*Asks:* 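Questions regarding the structure given below will be posed in turn.
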Number of protein chains: 2
Amino acid sequence: MLDLTRLVALRELALRGTIAAAADALGYTASAVSQQLAALEREAGVPLTIRAGRGVVLTPAGERLVARTHEMLDTMEVAEAELRAEAGGLSGTVRLAVFQSAALTLVTGALIDLRDSHPGIRVVVTQTEPEEAFADTWAREYDLVVAEEYPHHSAPHYPGVIRRPLVRDALLLAVGGEWAGAASVAELADAAWVMEPPGTATRHFAEQTCRVAGFEPDVRFASSDLQAHVQLVERGLAVAILPGLMVEHAGIGARVIPLEGGPRRTVFTAMRASSRLDPAVQAVRTALEEQAGPSAGS
Amino acid sequence: MLDLTRLVALRELALRGTIAAAADALGYTASAVSQQLAALEREAGVPLTIRAGRGVVLTPAGERLVARTHEMLDTMEVAEAELRAEAGGLSGTVRLAVFQSAALTLVTGALIDLRDSHPGIRVVVTQTEPEEAFADTWAREYDLVVAEEYPHHSAPHYPGVIRRPLVRDALLLAVGGEWAGAASVAELADAAWVMEPPGTATRHFAEQTCRVAGFEPDVRFASSDLQAHVQLVERGLAVAILPGLMVEHAGIGARVIPLEGGPRRTVFTAMRASSRLDPAVQAVRTALEEQAGPSAGS
DNA sequence: CATATCCGTAAGCGCCGCTTATGCTTTTCG
DNA sequence: CGAAAAGCATAAGCGGCGCTTACGGATATG
């Protein structure tokens with residue numbers, strides 16, 4: 001029978017691209033992984049890797065083997081989750097990936113609740129980019145993702161990674177200072193805007209909203225820190241489109257009005273299907289739901 | 001992550017009932033397996049076994065874990081089969097279980113063909129009882145089973161073990177000596193019969209056939225060796241119901257006539273679904289099909 | 001009640017697998 | 001275009017995991 005640890009090494013190679021990177025991720029030296037793979041290839045009886053330049057790439061047989069390895073790891077994860085559920089074991093580490101803008105208030109609140117209700121659970125929060133977050137969750141780097149989705153801007157979908165909505169969050173126009181009297185986006189064609197940095201879904205949505213209203217926004221400030229947005233709006237230096245959760249939790253010393261058409265972002269969680277039974281993961285998710293309020297889904 | 005070899009040890013314990021037997025099956029000492037299971041239990045965090053008398057039984061958590069282990073082993077088997085297929089590797093060992101009565105001629109013929117066409121394949125043939133054969137195939141003791149099924153007498157069905165028909169084989173009445181003139185079962189109420197030992201499907205079918213014809217057969221000889229049946233019939237000492245394959249291949253110096261209603265037994269192969277892609281298993285099955293004749297299924 | 005069976009622990013040792021060291025190839029950069 | 005860096009493979013050495021042997025406690029069996 002093939003050695004599962006060696007298969008994991010192969011899987012890591014497939015994910016990282018080089019033996020050196022895989023070894024680093026596994027906490028071994030490159031030599032160790034090289035030997036593991038050589039042994040695996042001997043057992044397999046067919047070439048699994050071929051040298052390509054100064055690196056290696058997987059053969060089709062290697063790719064298939066990696067796919068099977070994933071299946072086995074999925075099953076392994078289910079088995080472990082069942083054991084933890086059996087133990088009543090509300091313990092263990094949950095690796096949580098969040099986007100800055102997505103749920104700062106949600107996550108901090110949930111962490112505080114969890115610290116009291118389930119002290120055995122250790123949550124490691126990592127801020128990351130949406131694209132990586134899903135890929136790395138699929139690759140078992142994270143166990144849970146808190147992400148957001150804007151209208152007409154769907155997040156990437158990975159097989160085996162399931163998502164469940166947390167809260168649908170109204171998008172609000174926040175105006176202060178000289179623009180405090182504005183009642184719609186259309187009246188803010190000449191305003192200074194604060195938005196997130198380019199390339200994010202949030203930024204894209206805000207820009208599109210302005211364009212639909214008939215103008216190209218004058219983005220004077222770009223920051224991924226929503227607290228900064230609030231500050232700028234309160235001082236009348238800029239106007240912004242902010243998520244409702246941000247306004248509710250943090251409060252804001254400025255006028256907020258709903259956007260036309262009442263668009264909403266969807267904040268949702270994502271996790272591997274094979275880890276959805278893990279009681280620790282479930283507990284973290286439940287805590288997030290409670291933070292989201294009784295209106296939250298399922 | 002849980003250690004797969006230890007999970008296999010747990011699985012073997014679940015199958016065999018005692019640590020000693022599991023150790024024996026795995027080729028280890030009982031002490032080694034005991035230590036493996038202790039380590040596994042430590043990793044799992046929940047009790048997997050409890051002492052019961054002088055043995056041990058699995059806890060529900062242990063049973064669940066064994067079920068997951070089976071899933072992983074299934075995937076592992078598929079992975080290995082894919083590798084062998086990739087290698088074009090018509091090699092390896094196929095463990096074949098047959099029932100004496102089922103397909104003696106079929107199997108011997110197939111083995112001869114295989115020896116020439118695929119010398120790399122090593123076939124280990126074991127004669128066994130139907131009930132064990134399926135259970136042991138499910139438990140990975142055998143890779144392929146050649147079995148038979150009589151009308152109104154279905155063989156046990158195991159999940160994950162698939163079956164494919166090989167040949168539908170007419171059941172014939174073989175008469176010699178003083179009974180050579182008989183044309184139907186009903187005329188043989190006073191004849192001496194040779195049948196298989198009680199408890200087999202074949203025996204049950206033969207008895208039922210006689211009862212339907214209106215008499216309880218006088219079973220003077222019981223043997224699981226069909227060659228002995230042929231001998232007895234040829235010498236006129238008894239009459240018998242014999243499968244068509246037996247008559248065709250071996251020839252018989254007596255009159256054979258079809259049974260009323262043309263009942264047939266079905267000879268079929270069974271194997272784990274996860275091993276159906278193994279080229280060696282497929283080759284053995286193909287060889288059996290060719291023996292069964294061009295009329296054979298699929 | 002004696003014996004056999006079975007499980008678990010302790011001690012010891014062999015072997016697998018990791019690390020370090022080195023060489024070769026390929027890519028990158030000055 | 002040459003030097004340096006990155007990547008992989010092999011050899012040698014050593015530590016730890018996991019096996020075996022040995023023994024004691026517990027429980028069916030005759």
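The shown structure was predicted, so the numbers you read here are calculated from the model rather than taken from an experiment. Sequence lines set the chain letters: A, B, ... in the order given, protein chains first and strands last, and positions in each chain run from 1.
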*Asks:* Can a donor-acceptor pair be found, under 3.5 Å and without considering hydrogens, that links the side chain of B/S34 to the backbone of B/A30?
*Replies:*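 Pair absent, no side-chain N/O of B/S34 close to backbone of B/A30.
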*Asks:* Indicate whether the side chain of A/T59 and that of B/E86 have a donor and an acceptor atom separated by less than 3.5 Å.
*Replies:*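 No, B/E86 and A/T59 have no side-chain donor paired with an acceptor closer than 3.5 Å.
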*Asks:* Where the side chain of A/R51 meets the backbone of A/V56, is there a donor-acceptor pair that is under 3.5 Å apart?
*Replies:*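 Between the backbone of A/V56 and the side chain of A/R51 there is no qualifying donor-acceptor contact (under 3.5 Å).
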*Asks:* Indicate yes or no: does B/D143 engage B/R272 in a salt bridge with an N to O separation below 4.0 Å.
*Replies:*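 So B/D143 pairs with B/R272 through a salt bridge.
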*Asks:* Could you state the atom-to-atom distance from CG of B/L26 to C1' of D/dG18 in whole Å?
*Replies:*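 Atom CG in B/L26 sits about 14 Å away from atom C1' in D/dG18.
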*Asks:* By the definition salt bridge (Lys or Arg N to Asp or Glu O under 4.0 Å), identify the one residue from A/R285, A/R95, A/R84 that meets it with A/D278.
*Replies:*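 Of the listed residues A/R285, A/R95, A/R84, the salt bridge (Lys or Arg N to Asp or Glu O under 4.0 Å) partner of A/D278 is A/R84.
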*Asks:* Under 30°, 30 to 60°, or over 60°: which ring-plane class applies to A/H70 and A/W138, parallel, tilted or perpendicular?
*Replies:*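 The arrangement is tilted - the two ring planes meet at 30° to 60°.
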*Asks:* Quick one: what's the B/S/- string for nucleotides 17-22 of chain C, heavy-atom cutoff under 4.0 Å, read 5' to 3'?
*Replies:* SBBB--
*Asks:* Within the side chain of A/E12, is there an N or O that forms a donor-acceptor pair under 3.5 Å with the backbone of A/A25?
*Replies:*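 Looks like no, no N/O pair under 3.5 Å.
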*Asks:* I'd like to know whether CZ of A/F134 has more than 12 heavy-atom contacts from other residues, nucleotides or ligands below 6.0 angstrom.
*Replies:*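 Atom CZ in A/F134 is packed in, count exceeds 12.
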*Asks:* Please state how far atom CD1 in B/I19 lies from atom C1' in D/dT20, giving the value in whole angstrom units.
*Replies:*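 After rounding, the reported distance stands at 16 Å.
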*Asks:* Output the residues of residues 40-58 of chain A in contact with DNA chain C, where contact means a heavy atom of the residue under 4.0 Å from an atom of the strand; sort by number or write none.
*Replies:*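 Within residues 40-58 of chain A, the residues near DNA chain C are A/G53, A/R54.
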*Asks:* Taking side-chain contact (heavy atoms from CB on, under 4.5 Å) as the definition, give me every residue that meets it alongside B/T286, ordered by chain and number, with sequence neighbours left out.
*Replies:*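 Counting only residues at least two positions away or on another chain, B/T286 forms a side-chain contact (heavy atoms from CB on, under 4.5 Å) with B/E290.
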*Asks:* Could you go step by step and tell me if B/T75 and B/E71 meet the side chain to side chain donor-acceptor pair (under 3.5 Å) rule?
*Replies:* CA-CA 6 Å; B/T75 307; B/E71 290 181 37; over 6 Å; no
*Asks:* Describe, as an angle rounded to 10 degrees, how the axis at the first end of the helix from C/dC1-D/dG30 to C/dG30-D/dC1 is tilted relative to the axis at the last end, five pairs per end.
*Replies:*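 End-to-end axis angle: 30°.
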*Asks:* Please list each protein N or O that sits under 3.5 Å from an N or O in nucleotides 14-16 of chain D, with the distance.
*Replies:*
none

*Asks:* Inspect the contact between A/E82 and B/R68 and indicate whether a charged nitrogen and a carboxylate oxygen are less than 4.0 angstrom apart.
*Replies:*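 Counted as a salt bridge, because a side-chain N and a carboxylate O are separated by less than 4.0 Å.
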*Asks:* Test A/V284 against every option in A/L111, A/I121, A/T269 by the side-chain contact (heavy atoms from CB on, under 4.5 Å) rule and name the one that passes.
*Replies:*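 That would be A/I121; it is the only one of A/L111, A/I121, A/T269 passing the side-chain contact (heavy atoms from CB on, under 4.5 Å) with A/V284.
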*Asks:* Looking only at heavy atoms, which two atoms of B/E43 and B/D3 are closest? And how far apart?
*Replies:*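 Taking every non-hydrogen atom into account, OE1-N, 3.8 Å.
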*Asks:* Below 4.0 angstrom, N of the basic side chain to O of the carboxylate: do B/E141 and B/R16 qualify?
*Replies:*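 Yes.
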*Asks:* Where along residues 7-15 of chain B does a heavy atom come under 4.0 Å from DNA chain C, residue by residue in number order?
*Replies:*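 When residues 7-15 of chain B is checked for heavy atoms under 4.0 Å from DNA chain C, there are no hits whatsoever.
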*Asks:* Within the structure provided, determine whether B/T126 and B/Y142 are in side-chain contact (heavy-atom separation under 4.5 Å).
*Replies:*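 Of all side-chain heavy-atom pairs linking B/Y142 with B/T126, at least one is under 4.5 Å.
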